[in-house]
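So that the names make sense, note that chain A is the first sequence line, chain B the second, and so on, each numbered from 1. Hydrogens, waters and symmetry mates play no part in the numbers below; they use all other heavy atoms, side chains included.
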Amino acid sequence: MGIKDLLRFMKPYVHPIHINKYAHKRVGIDAYSWLHKGAYSCSMELCLNTEGDKKKFQYINYCLHRINMLRHHNITPVLVFDGCNIPCKSQTDEHRHSKRKESRELAMAKLKQGDTNAAIEMFQRAVSITPLMAYQLIQVLRSENIEFVVAPYEADAQLAYLSSLDADKGGIAAVISEDSDLLAYGCTSVIFKMDRYGNGEEIVIDKVFDSAGRLPSFLHFNKELFTGMCVLAGCDFLPSVPGIGIGKAHALVSKYRNLDRVLSALKFEKGDQMPKDYLTSFKEALAVFQHARIYDADSKKLKHLTPLGETLVHYSGEELDFLGPELSSSQASAIAEGLLDPCTMKAFNKLLVCDDQLKKPTAVNNAVPNRILKKETTTEGCFTIVSSCKTGTKKIAVVNKTKPDSSFELLSNLKQLISPLNDNSVNIVDRTIPAKRSSVVPNSNPFKRLKQTVVIDDCASEYSEVTEVEHLEMTPDSQKSVESKFVNKTGVKKMVTSGKKVESKSESNKNTILNFFSRV
DNA sequence: GCAAGGTCTAAAT
DNA sequence: TAGACCTTGC
């Protein structure tokens, strides 16, 4: 929802731009806003969660398309994902959750009646973005070497923090989002409504404060007063006092130029209409926008968006929980790196390396006795999980092409992740391969044809007849193409797609991305 | 003039 | 779902 009517109110300060304005710069992206848009086209498949339905991964294609468009314009995208919900937003979250539940029930009823169109419309309202969906995108980002961070709490706060840093310290020059909250958090440049070609509308907050003679005037505003105005107008953390909208909020802040004086005047004017705990709630909401807990990649710890002021600095740890409860350094890094689900605090791989798929052999299992459960490739290396349906054992191979040290890091991460499965049936093998076998390192231009070949032979061949060769290609259609050839010991090549042998050596980009996941 | 509430529409393919 | 736009009422 963001700040009520803020974008409409700020219309005179909104300028159409093209994203190439940020060429050679780093730009942050509110990943959930893209996931939401991408989920629109596959909302029914996501809600029904049909086993083996490739269409439910369509949202990943949407995000990749946009990422590749940015890279085409020489922009470095940094995707920022939402983490756990913060306590003071729970009312908004509950409201959204119940609305979605309602829509989902309606959609199911329409589906039963055979009214598919009405059902799809309802599913579009019912779809919610889950941490698992975010994780599935994160896997693709890793394989594409695209920067991302999962915020401990609100992605908006994390984006505002990155906005405040210099580029050489991981900072970003602008944020792409649909949420006006970004302005309240103090982001300097926010691009709204960016389309698939890179056209969007931008607000640069410094220009807002500097521009004389334009209405509404923000000449005597600073970041704190602006954020105060946003909270007064009504935000996700606190509804406005009856009769106060963005216009009145702006007028009050312009007149008093001090938030304490604004609140006193408001109390005098509204009397009993003002909720009893409004002053406390206002200060908490303001504090969230100013000092929310964010992840600092440099120290690998949680930090406040801006240092706590005189009042808050004396609060105890628990009293500051409304800014997002404190997390240990290891928890914060594991969340930020996309290894832990920020809501459940459980490792994501439990959801992916799922034994259910082994117990019920699929067409893939029938066609290829030893199914590759999970495969992740980066420019530096990859790992593969190979499972034997015959013996029920699993083997993980870590293959490294450029930095031998990082395979050990990857191995230790994997060991940590699969600890619940870490019994005799799981084998982890380091397969660092010589540099001469490494492939061409992809560059950031998605329109240039790239070729990266990784050979994972010994691990897979011990387990079955198959050896996998993977080619990763970027095409003008801005999608990553994953082509898997299974080569048996006699050298006969077969293409395997979702358990069916196909003759074609290449697939459409859409299918190949989905194929990547159908094998997970 | 402004807040508040209602309706309409785009979001993706 | 959320923003844009319109109408109504204070």
Grab the CG-C1' distance between A:Asp5 and C:dA2 for me, whole Å please. 12 Å

Are the side chain of A:His18 and the backbone of A:Asn20 linked by a donor-acceptor contact shorter than 3.5 Å? yes

For A:Lys303 and A:Tyr161, does a side-chain donor sit closer than 3.5 Å to a side-chain acceptor? yes

Between B:dA11, B:dT13, C:dT1, which nucleotide gets closest to the side-chain atoms of A:Arg196? B:dT13

Result for 5'-nearest mapping on DNA chain B, choosing between A:Gly247 and A:Gly38, is A:Gly247

Separation of B:dC2 atom C1' from A:Glu269 atom CD, nearest Å, is 13 Å

Taking CD1 from A:Ile129 and C1' from B:dA12, how many angstroms apart are they, rounded to a whole number? 13 Å

Which nucleotide in C:dA4, B:dT13, B:dA4 has an atom nearest any side-chain atom of A:Ser41: B:dT13

Can you give me the closest heavy-atom contact between A:Ala184 and A:Thr227, atom names plus distance? O-OG1, 2.9 Å

Of the nucleotides B:dA12, C:dG3, B:dA3, which one has an atom closest to the side chain of A:Lys193? C:dG3

Per ring pair (Phe, Tyr, Trp, His ring centres under 6.0 Å), A:His250 is matched among A:Phe9, A:Tyr256, A:Phe226 by A:Phe9

So, does A:Arg66 get its side chain near the phosphate of B:dA12, meaning an N or O under 4.0 Å from OP1 or OP2? yes

Is there a side-chain polar atom (N or O) of A:Lys11 under 4.0 Å from OP1 or OP2 of C:dG3? no

Between C:dA4, C:dT1, B:dA12, spot the one nearest the side chain of A:Arg8, thanks. C:dA4

Protein-nucleotide distance (A:Met194, atom CE; B:dA12, atom P), rounded to Å: 10 Å

Nearest to the A:Lys37 side chain among B:dA12, C:dA4, C:dT1, which nucleotide is it? B:dA12

What is the distance from NZ of A:Lys4 to P of C:dA2, rounded to the nearest Å? 13 Å

Rounding to a whole Å, what distance do you find between A:Phe9:CZ and B:dC2:P? 8 Å

